[in-house]
Novice: 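Before anything else, here's the structure in question.
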Amino acid sequence: MFYGAVVWDPWLIVAQIVCLQCLYYLTLGAFLSFLVGTRVSRLSLVYFFDFATVTTSTVTGWCVIASFLLSSIAGAGYMLYLIERAKKCLDFAATLYIIHLFICLIYGGWPSSITWWFVNGIGVAVMALLGEYLCIRRELKEIPITRYRSSKEYFLYMSKCLKR
């Protein structure tokens with residue numbers, strides 16, 4: 001994709017937001033099932049959207065916290081391939097966590113746990129900063145220029161042309 005001419009495409013932006021949100025929740029579900037699912041008898045949406053499960057007083061709560069933070073790291077990797085621009089990473093990370101906040105509001109009410117706010121604040125910071133770092137590294141890579149012929153063949157060809 002060429003980035004010289006910026007065209008505002010709302011359908012692309014909405015598709016990127018939906019894809020990033022879905023991948024985030026799929027990854028969160030995988031981490032929750034691996035870390036929390038082995039500790040509880042029944043894994044449910046409570047661990048996704050209820051602020052009371054994000055706690056430091058139990059081992060299961062620490063596993064939930066680890067799942068959220070690992071999912072934010074994975075989200076940064078998803079932004080590398082979905083968003084591709086460093087200057088857009090903060091916008092998409094903030095959008096993901098604002099949508100998550102609204103879903104949590106609908107599911108369990110206003111999050112009154114300071115731990116929930118701290119974990120999600122760290123999560124958005126990690127996702128945005130790591131996503132920007134990864135995208136900047138990709139943007140600064142050298143563009144490989146391949147020649148039709150190898151440099152040795154090209155040199156021999158040019159020396160023959162000059163002898164004529």
Side-chain angles (χ1 to χ4, degrees), residues 1 3 6 8-144:
M1 179 184 305
Y3 298 112
V6 177
W8 189 70
D9 187 4
W11 292 108
L12 175 65
I13 295 169
V14 169
Q16 287 174 324
I17 290 170
V18 169
C19 285
L20 188 62
Q21 198 83 32
C22 290
L23 287 170
Y24 175 78
Y25 284 129
L26 283 171
T27 305
L28 180 60
F31 283 125
L32 283 172
S33 65
F34 180 70
L35 296 174
V36 178
T38 57
R39 305 191 63 77
V40 296
S41 60
R42 185 170 177 253
L43 190 63
S44 66
L45 289 178
V46 171
Y47 294 100
F48 283 85
F49 303 119
D50 194 358
F51 64 89
T53 60
V54 182
T55 180
T56 57
S57 61
T58 64
V59 176
T60 304
W62 279 103
C63 291
V64 171
I65 291 170
S67 297
F68 274 98
L69 295 179
L70 290 171
S71 295
S72 68
I73 293 170
Y78 297 144
M79 284 198 292
L80 176 64
Y81 294 103
L82 286 176
I83 310 307
E84 297 179 337
R85 296 299 303 249
K87 68 180 185 175
K88 295 181 180 181
C89 286
L90 177 61
D91 299 337
F92 280 91
T95 301
L96 183 141
Y97 278 91
I98 289 170
I99 291 171
H100 179 67
L101 172 64
F102 285 139
I103 295 171
C104 290
L105 284 172
I106 293 168
Y107 189 84
W110 184 259
S112 60
S113 167
I114 195 73
T115 308
W116 186 92
W117 288 101
F118 184 75
V119 168
N120 282 289
I122 295 295
V124 72
V126 165
M127 185 181 285
L129 293 174
L130 184 59
E132 285 180 13
Y133 173 76
L134 294 172
C135 289
I136 285 173
R137 296 229 357 174
R138 177 184 269 179
E139 289 173 2
L140 293 179
K141 275 187 177 178
E142 287 187 26
I143 300 172

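Computation of the quantities below employed the complete heavy-atom set of this structure, encompassing side-chain atoms and omitting hydrogens, waters and symmetry-equivalent molecules.
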Novice: Evaluate whether atom CG of L140 has more than 12 neighbouring non-hydrogen atoms of other residues, nucleotides or ligands under 6.0 angstrom away.
Specialist: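 Result for CG/L140: enclosed.
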Novice: Which heavy atom of C135 sits nearest to which heavy atom of C89, and what is that distance?
Specialist: SG-SG, 3.7 Å
Novice: Examine distances only and state if a side-chain atom of R138 and a backbone atom of L80 form a donor-acceptor pair shorter than 3.5 Å.
Specialist: yes
Novice: Heavy-atom distance under 4.5 Å between the side chains of S67 and Y47, does that happen here?
Specialist: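 In short, these two side chains do not touch, never coming nearer than 4.5 Å.
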Novice: Going from CG on L134 to OH on Y81, what distance comes out if it is rounded to the nearest 0.5 angstrom?
Specialist: 8.5 Å
Novice: Got a sec: does the OH of Y107 have more than 12 other heavy atoms crowding it under 6.0 Å?
Specialist: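 More than 12 within 6.0 Å, yes.
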Novice: Do V119 and V64 make a side-chain contact, defined as non-hydrogen atoms from C-beta onward lying under 4.5 Å apart?
Specialist: no
Novice: What distance separates I83 CD1 from F92 CZ, expressed to the nearest 0.5 Å?
Specialist: 4.0 Å
Novice: In Å and rounded to the nearest 0.5 Å, what is the OH to OG distance from Y78 to S72?
Specialist: 11.5 Å
Novice: Would you indicate whether the side-chain heavy atoms of R85 and E139 approach each other to under 4.5 Å?
Specialist: yes
Novice: Which atom pair, heavy atoms only, marks the closest approach of Y97 to Y24?
Specialist: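 Shortest heavy-atom contact: OH-OH, 3.5 Å.
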Novice: Could you state the interatomic distance from CG (L70) to CD1 (I65), rounded to the nearest 0.5 Å?
Specialist: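 So the CG of L70 and the CD1 of I65 are separated by 12.0 Å.
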Novice: Can you find a pair of side-chain heavy atoms, one from D50 and one from P111, that are under 4.5 Å apart?
Specialist: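 A side-chain contact under 4.5 Å is absent here.
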Novice: Are L23 and L82 close enough that some pair of their side-chain heavy atoms sits under 4.5 Å apart?
Specialist: yes
Novice: Under a 4.5 Å cut-off applied to non-hydrogen side-chain atoms, are I103 and F48 in contact?
Specialist: no
Novice: Let me see the working for L130 and I73 under side chain to side chain contact (heavy atoms under 4.5 Å, CB included), right down to the final yes or no.
Specialist: CA-CA 7 Å; L130 184 59; I73 293 170; 3.9 Å; yes
Novice: Might you point out which heavy atoms bring T38 and L35 nearest each other, and give the distance in Å?
Specialist: OG1-O, 3.5 Å
Novice: Restricting to non-hydrogen atoms, name the atom on V54 and the atom on S113 that form the minimum distance, rounded to 0.1 Å.
Specialist: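 What the structure gives for the nearest pair is O-OG, 3.8 Å.
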Novice: Are side-chain heavy atoms of H100 and Y25 found at a separation under 4.5 Å?
Specialist: yes
Novice: List the atom of I136, the atom of A86, and the distance in Å for their closest heavy-atom pair.
Specialist: CG1-CB, 3.5 Å
Novice: Please give me the minimum heavy-atom distance between T95 and Q21, naming the atom from each residue.
Specialist: O-OE1, 4.5 Å
Novice: Whether the S57 and T55 side chains hold a donor-acceptor pair (N or O, under 3.5 Å, no angle test) is what I'd like checked.
Specialist: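 There is such a pair (donor and acceptor under 3.5 Å, judged by atom type) between the side chains of S57 and T55.
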Novice: Calculate, to the nearest 0.5 Å, the distance between atoms CZ and CG belonging to F51 and L105 respectively.
Specialist: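 Between F51 CZ and L105 CG, I get 10.0 Å after rounding to 0.5 Å.
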Novice: Working to the nearest 0.5 angstrom, can you tell me the gap between L32 CG and L45 CG?
Specialist: 10.0 Å
Novice: Any side-chain heavy-atom pair from L43 and V36 closer than 4.5 angstrom?
Specialist: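 A side-chain contact exists here, since the closest heavy-atom pair is under 4.5 Å.
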